[in-house]
Amino acid sequence: MRNAPDSTFIVSAAPLPIILIFGPFDPSGSTGLPADAVTSAELGCHAISVLTGSLVQDTAVTENIEPIPPEFMDDQARCLLEDMPAHAIKVGALYTTESVSALAQIVADYSSIPLVVHLQRMPHVSIEDEFDAEDTQAALLELVLPQTDLVVADHTLLQQWQSHGLLPGHTLEHVMEALLDYGASALLVSGAPGAGAQRDYLLRDEHGQTTRWSSSVNDPVSDSAGLLATVLTTELARGAELQQAVDRSVTIVNAMVKRIFQPGMGGRILNRSRT
């Protein structure tokens with residue numbers, strides 16, 4: 001007779017919140033899907049993912065990006081979403097206008113799921129030119145932001161986009177309003193100038209209300225804004241209201257950015273484990 005299963009290995013637990021992450025595979029583990037999977041697990045969520053690109057990258061530089069065909073992205077996302085319920089979606093780096101179009105249709109078909117979009121720059125000038133970065137960024141603003149619950153962006157990125165003419169205005173206030181004019185419900189800016197040398201987080205909602213939190217990120221740390229976006233996604237997946245989600249996320253990120261290490265010859269990266 002077959003032995004009965006050992007009950008010591010059967011654990012009854014409540015289902016984990018599931019978050020769907022669109023992003024690239026970074027083999028160094030410092031950004032992208034590998035990093036987001038660790039963060040999600042540490043915060044009690046299960047991450048499912050859609051690959052947007054494969055990187056040749058270490059902790060110092062990105063040498064190459066191979067974008068994933070939009071048809072593959074669409075197939076993977078729909079396969080996952082038809083199998084299990086996602087409680088929130090995070091969007092990371094996208095590299096072509098076609099991939100943005102595919103994403104826009106997917107999130108439109110699943111509009112009830114909270115959507116967090118992390119805006120970011122291309123990692124290298126030659127790669128940026130190759131993939132028509134400005135066209136891709138413009139498509140993201142026009143097609144995806146109108147469906148977005150929360151946009152996360154670093155202050156230096158907004159400055160760059162403003163200087164390149166992608167966003168109008170001469171002050172951070174103008175740029176924030178310009179982003180919200182695309183239709184996003186709220187915008188969270190990291191690294192905004194505060195008192196003295198202090199850097200802050202600024203949350204602006206669709207009603208023009210602004211809330212400020214102090215940041216512990218004073219020196220450059222790889223993917224600190226990406227970490228923030230992932231933590232926010234886990235909070236929204238649990239059903240937290242926006243203000244509460246940002247408040248909790250800032251506390252978590254401020255603690256995590258104090259635990260960094262330098263595993264190679266490049267930059268310092270986040271220790272995403274809380275143990």
Side-chain angles (χ1 to χ4, degrees), residues 18-41 45-59 61-111 113-148 151-153 157 222-223 225-227 229-230 233 269 272:
I18 296 171
I19 62 174
L20 172 60
I21 302 174
F22 289 80
F25 180 80
D26 172 1
S28 76
S30 57
T31 66
L33 297 181
D36 284 345
V38 173
T39 301
S40 301
C45 289
H46 176 68
I48 57 179
S49 57
V50 174
L51 187 66
T52 63
S54 294
L55 310 183
V56 177
Q57 176 171 311
D58 57 21
T59 58
V61 66
T62 301
E63 296 183 359
N64 190 38
I65 298 174
E66 187 67 31
I68 298 302
E71 299 83 5
F72 185 92
M73 286 177 49
D74 184 79
D75 288 346
Q76 183 61 80
R78 295 184 187 281
C79 179
L80 290 169
L81 290 168
E82 290 170 8
D83 176 51
M84 62 189 92
H87 300 94
I89 298 173
K90 177 201 170 184
V91 173
L94 297 164
Y95 303 105
T96 66
T97 55
E98 292 81 7
S99 64
V100 174
S101 296
L103 169 70
Q105 187 58 59
I106 294 164
V107 296
D109 291 342
Y110 291 88
S111 58
I113 304 175
L115 176 63
V116 177
V117 172
H118 174 209
L119 298 178
Q120 50 196 294
R121 65 176 57 82
M122 287 285 188
H124 191 274
V125 174
S126 63
I127 295 173
E128 181 175 323
D129 294 340
E130 180 182 351
F131 294 137
D132 294 324
E134 290 193 2
D135 288 346
T136 302
Q137 292 158 351
L140 189 63
L141 297 181
E142 294 170 4
L143 299 178
V144 178
L145 256 63
Q147 308 182 65
T148 302
V151 179
V152 178
L157 174 67
S222 174
D223 201 42
L227 169 66
T230 305
T233 307
I269 69 174
R272 295 170 185 263

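These figures come from a predicted structure and were not determined experimentally. We use all heavy atoms of the structure for the numbers below, so side chains are in, but hydrogens, waters and symmetry mates are not.
Using a 4.5 Å cut-off on side-chain heavy atoms (C-beta onward), Cys45 and Thr233 make no contact. With a 4.5 Å cut-off on side-chain heavy atoms, Ser99 and Phe22 do not count as touching. Here the side chains of Arg78 and Gln105 are in contact, with some heavy-atom distance below 4.5 Å. The closest side-chain heavy-atom distance from Ile89 to Ile106 is not below 4.5 Å. Inter-residue side-chain proximity for Thr31 and Gln57 is flagged as met; some heavy-atom pair is nearer than 4.5 Å. The shortest side-chain heavy-atom distance between Ile68 and Thr52 does not fall under the 4.5 Å cut-off.
Looking at every heavy atom in both residues, Val152 comes nearest to Ala225 through CG1-O, 3.9 Å. The two atoms that bring Ala37 and Ala47 nearest to each other are CA-CB, 4.2 Å, heavy atoms only. Residues Lys90 and Ala229 come closest through the heavy atom pair CE-CB, 3.9 Å. Listed here is the closest heavy atom pair of Ser101 and Leu143: OG-CD1, 3.8 Å. Closest of all the heavy-atom pairs between Ile19 and Ser40 is CD1-OG, 3.1 Å. The nearest pair of heavy atoms linking Gly226 to Asp36 is O-OD1, 4.4 Å.
Taking CG from Asp74 and CD from Glu98, the interatomic distance works out to 13.5 Å, rounded to the nearest 0.5 Å. For the atom pair CG (Leu51) and CD (Gln76), the distance works out to 8.5 Å, reported to the nearest 0.5 Å. Separation of atoms CG (Leu80) and CD1 (Ile21) is listed at 11.5 Å; rounding is to 0.5 Å. Considering OG1 of Thr96 and CD1 of Ile65, their distance stands at 11.5 Å, rounded to 0.5 Å. Rounded to the nearest 0.5 Å, atoms OG1 (Thr97) and CD (Gln137) are 12.0 Å apart. Here the CG-CG distance, from Asp135 to Leu140, works out to 12.5 Å after rounding to the nearest 0.5 Å.
Side-chain atoms of His46 never come within 3.5 Å of backbone atoms of Ile18 as a donor-acceptor pair (strictly under, hydrogens ignored).
With a 6.0 Å radius and a threshold of 12 heavy atoms from other residues, nucleotides or ligands, Tyr110 has its OH atom above the threshold.
Val151 pairs with exactly one of Leu145, Val144, Val91 by the side chain to side chain contact (heavy atoms under 4.5 Å, CB included) rule, that one being Leu145.
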